[in-house]
Amino acid sequence: MYNTLSKTKEPLETLQPGKVGIYLCGPTVYKPSHIGHMVGPIIFDSIKRYLTYVGYQVTWVVNITDVDDKLIAEASKRGMTMQAVAEEMTADYHRNLGAMGIDTIDHFPKATEHMAEIIDFTQKLIDRGFAYEAEGDVFFDVGRDREYGKLSGRSLEAMQGEGGGAAGRKKSSTDFALWKGAKPGEPSWKSPWGEGRPGWHIECSAMAGKILGESFDIHGGGLDLVFPHHENEVAQSECCHGKPLAKYWMHNGLMQATGESGKVGGRSRQAGEVGAASSVAEGDQAAQEAGKIGKSKGAAAFSELLKKYAGETIRFFLLSTHYRRPIDFSEERIDDVEKGLDQFYRFFERYKRVTGEDFYTLAAAAKREQGEFTPGVDAIEQAVAEHRKKFLEAMDDDFNTGGAIGDLFELVRLLNRFVDAEKLEGAGKSDAAKLAVLKRGASVMRELANTVGLFRSPVQKPGSSAGAGDELVGKLMKLFIEVRADARKNKNFATADGIRKGLAEIGVVLEDRPDGTSWSVQK
RNA sequence: GGCGCUGUCGCCAAGUGGCUAAGGCAGCGGAUUGCAAAUCCGCCACCGUGGGUUCGACUCCCACCAGCGCCUCCA
């Protein structure tokens with residue numbers, strides 16, 4: 001796996017044998033989550049599943065930052081208490097995770113529920129000389145940390161800023177707040193330094209330390225958090241405990257909003273070479289349109305996206321590329337991915353028609369070593385074994401879900417080909433031995449998909465399900481199909497095609513098979 | 001300006017110092033079908049540009065070009 005700290009891939013060697021502790025930076029709950037917030041959770045949900053499959057016992061923590069300047073601002077804007085805003089957005093976040101099938105997170109610590117730990121942590125840093133109080137604020141003294149900058153690869157000299165609003169009280173502009181004194185009317189907690197609230201980074205250090213220990217295995221987050229958030233976490237935690245915070249740092253690429261402004265940005269940059277200063281603002285504006293989702297004003301709430309796409313579609317979309325790579329977000333792209341996904345869903349339906357069994361509840365190996373696949377005499381089993389191997393190799397190489405999914409596609413095609421070649425579909429065909437081969441292949445598919453949290457249950461696509469489950473609709477469709485079958489029998493194809501065409505226009509697709517006609521609702 | 005990432009088929013996207021550079025979407029041809037749909041088969045890439053290292057590079061190094069991120073509170 002790739003480690004931001006060393007900038008190389010390293011083998012996973014856990015602190016405790018067989019156990020992995022993961023801390024992922026969660027959201028600051030001041031606004032509804034957008035798709036960018038789902039990237040980390042989806043990736044780490046898959047990583048946890050995979051590591052569990054490989055044989056580790058994984059503890060995964062995602063924090064909820066529910067006290068923050070932005071939250072205070074949002075609360076006053078909406079005339080609510082900070083707590084009410086936080087609760088509303090936390091609920092939104094949980095709904096989104098649920099829709100995504102992310103149910104492997106073990107702990108969701110909240111900053112406001114860990115004030116004692118945060119204050120204690122801050123006090124320790126003061127006691128050890130790494131932090132200082134100034135008029136009710138407490139700052140981390142960056143100058144005291146020799147290793148500061150090791151994660152993000154920055155030198156202190158290179159970082160000069162004006163120090164924000166608290167410049168006057170800081171020893172150095174690079175110092176950051178551990179504790180902020182409260183202004184009148186702001187939510188606050190009692191502390192040795194007066195009423196106040198925690199700074200941005202401290203809650204992660206305090207809660208990670210409490211749940212996972214002073215040192216743990218993997219710390220994750222978006223690439224944009226490397227600096228300053230993670231750098232500061234490292235600084236305060238390692239100065240406080242005198243030992244490494246996390247052994248591995250994993251950072252996911254950011255979701256980008258696509259826009260036609262890419263060219264505009266390029267042009268203004270070229271202009272900037274001539275008149276350096278003047279074009280900066282221009283460039284920034286272009287970046288807002290084409291840049292990452294987090295800064296894009298048009299970032300739709302994730303819950304809106306879920307009205308259009310199934311959670312699994314989004315998951316598949318994100319998993320289809322490598323986690324460290326930035327992804328451009330556009331609905332066309334998700335549409336494409338969804339079409340590919342349909343290939344799997346159709347196979348699962350076909351599987352049921354052929355074997356009479358449900359793919360989703362198919363028994364499969366839960367652990368890697370249990371699944372070692374010994375091919376039988378059929379050539380197809382050789383191929384299944386190879387795909388399993390390739391899939392696992394891809395996942396072993398820095399969780400390459402994109403490559404792994406490619407193998408899944410090859411696996412479906414293999415299985416489809418087998419059904420075709422052996423003519424397993426159709427009335428009266430039930431060669432038990434061949435069916436057993438199919439089942440073994442499908443169970444490998446089941447096993448592999450489980451490792452990344454895919455195809456866990458049948459998906460209802462938004463927009464395509466309207467009425468489909470309705471009993472009356474079912475009866476009507478049955479009637480249509482019978483009438484049409486009659487027409488076909490009498491070679492009255494004009495009528496038959498007319499029915500099919502008419503239904504297609506209202507989004508119902510008929511498929512004629514040797515053993516009958518099936519129907520489904522398209523989006 | 002500093003630190004870093006990326007550039008592979010029309011679009012998306014794996015991957016490798018040397019045998020056929022995955023896969024998906026789109027497209028084209030075929031099998032199948034009364035016609036479709038679905039499925040299967042086949043076709044569709046001189047790996048940003050220019051140097052260098054090497055017996056050999058798309059893969060390593062350098063330069064350049066293009067796009068992108070971070071540089072104090074965005075996952």
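Per chain, numbering begins at 1; letters A, B, ... match sequence-line order. Since the model is a prediction, treat every value here as computed from it, not as a measurement.
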Determine the Euclidean distance between corresponding [atom1] atoms of [M] and [N]; express it in Å to zero decimal places.
N      : M      : atom1 : answer
B/rU16 : B/rC25 : P     : 24 Å
B/rG15 : B/rC35 : P     : 43 Å
B/rU8  : B/rU59 : C1'   : 11 Å
B/rC64 : B/rG24 : P     : 39 Å

- Taking atom types as modelled, is there a side-chain donor on A/R324 or A/N252 under 3.5 Å from an acceptor on the other?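 Side-chain D/A pair, A/R324 to A/N252: absent.
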- Message: Assess, by modelled atom type and distance only, whether the side chains of A/S33 and A/N96 contain a donor and an acceptor separated by less than 3.5 Å.
- Response: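 A pair is found: one side chain offers a donor N or O, the other an acceptor, under 3.5 Å apart.
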Reckon [X] touches a base, only the sugar-phosphate, or nothing at all at heavy-atom distances under 4.0 Å?
X      : result
A/L225 : sugar-phosphate
A/K489 : nothing
A/G26  : sugar-phosphate
A/N252 : base
A/G153 : sugar-phosphate

- Tell me whether the guanidinium CZ or amine NZ of A/K434 lies under 6.0 angstrom from the six-membered ring centre of A/F418 and within 45° of its axis.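 No; the conditions do not both hold, so A/K434 does not lie above the ring face of A/F418.
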- Message: For the residue pair A/R488 and A/F493, would you count it as a cation-pi contact if the rule is NZ or CZ under 6.0 angstrom from the ring centre and within 45 degrees of the ring axis?
- Response: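 Verdict for A/F493: no cation-pi partner in A/R488.
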- Message: Taking the minimum atom-to-atom distance to the side chain of A/Q256, which one of B/rA75, B/rC12, B/rG69 wins?
- Response: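 Between B/rA75, B/rC12, B/rG69, the one nearest the side chain of A/Q256 would be B/rG69.
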- Message: Please pick, from B/rA75, B/rC71, B/rU8, the nucleotide with the shortest atom-to-atom distance to any side-chain atom of A/R154.
- Response: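 Of the options given, the side chain of A/R154 lies nearest B/rC71.
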- Who pairs with B/rG18 - Watson-Crick or G-U, where each distance is under 3.5 Å: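 Pair assignment: B/rG18 / B/rC55.
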Respond yes when some side-chain nitrogen or oxygen of [X] is under 4.0 Å from OP1 or OP2 of [N], and no when none is.
X      : N      : result
A/N416 : B/rC40 : yes
A/R350 : B/rU39 : no
A/S320 : B/rG23 : no

- By ring-ring contact (aromatic ring centres under 6.0 Å, His included), which residues pair with A/F347, not counting sequence neighbours?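 If we apply the ring-ring contact (aromatic ring centres under 6.0 Å, His included) test to A/F347, skipping adjacent residues, there are no hits.
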What protein N or O atoms touch nucleotides 34-38 of chain B N or O atoms at under 3.5 angstrom, if any, and at what distances?
{"from": "B/rG34", "atom 1": "O6", "to": "A/R488", "atom 2": "NE", "distance (Å)": "3.1"}
{"from": "B/rG34", "atom 1": "N1", "to": "A/D497", "atom 2": "OD1", "distance (Å)": "3.0"}
{"from": "B/rG34", "atom 1": "N2", "to": "A/D497", "atom 2": "OD1", "distance (Å)": "3.4"}
{"from": "B/rG34", "atom 1": "N2", "to": "A/D497", "atom 2": "OD2", "distance (Å)": "2.5"}
{"from": "B/rC35", "atom 1": "O2", "to": "A/R500", "atom 2": "NH2", "distance (Å)": "2.3"}
{"from": "B/rC35", "atom 1": "N3", "to": "A/R500", "atom 2": "NH1", "distance (Å)": "2.9"}
{"from": "B/rC35", "atom 1": "N3", "to": "A/R500", "atom 2": "NH2", "distance (Å)": "3.0"}
{"from": "B/rC35", "atom 1": "N4", "to": "A/D512", "atom 2": "OD2", "distance (Å)": "3.3"}
{"from": "B/rA36", "atom 1": "N6", "to": "A/D512", "atom 2": "O", "distance (Å)": "2.8"}
{"from": "B/rA36", "atom 1": "N1", "to": "A/D512", "atom 2": "N", "distance (Å)": "2.9"}
{"from": "B/rA36", "atom 1": "N3", "to": "A/R500", "atom 2": "NH1", "distance (Å)": "2.8"}
{"from": "B/rA37", "atom 1": "N1", "to": "A/D512", "atom 2": "O", "distance (Å)": "3.4"}
{"from": "B/rA38", "atom 1": "O3'", "to": "A/R346", "atom 2": "NH1", "distance (Å)": "3.1"}

Distance check needed: [N] [atom2] versus [X] [atom1], whole Å only.
X      : N      : atom1 : atom2 : answer
A/M255 : B/rG69 : CE    : C1'   : 15 Å
A/E203 : B/rC73 : CD    : P     : 15 Å
A/I327 : B/rA75 : CD1   : P     : 17 Å

- Item | Under the side chain to side chain contact (heavy atoms under 4.5 Å, CB included) test, residues paired with A/F480 that sit two or more places apart |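 Listed in chain order: A/M477, A/I499, A/L503.
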Shorter than 3.5 Å, N or O on both sides, protein versus nucleotides 26-28 of chain B: list them out with atom names.
none

Would you tabulate the pairs of protein nitrogen or oxygen atoms and nucleotide nitrogen or oxygen atoms of nucleotides 59-62 of chain B closer than 3.5 angstrom?
none

- Query: Reading nucleotides 15-22 of chain B 5' to 3', which nucleotides get B (base under 4.0 Å from a protein heavy atom), which S (sugar-phosphate only), which -?
  - Reply: S------B
- Message: Whether A/D420 and A/R413 form a salt bridge (side-chain N of Lys/Arg under 4.0 Å from carboxylate O of Asp/Glu) is what I want to check.
- Response: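 No, A/R413 and A/D420 are not salt-bridged.
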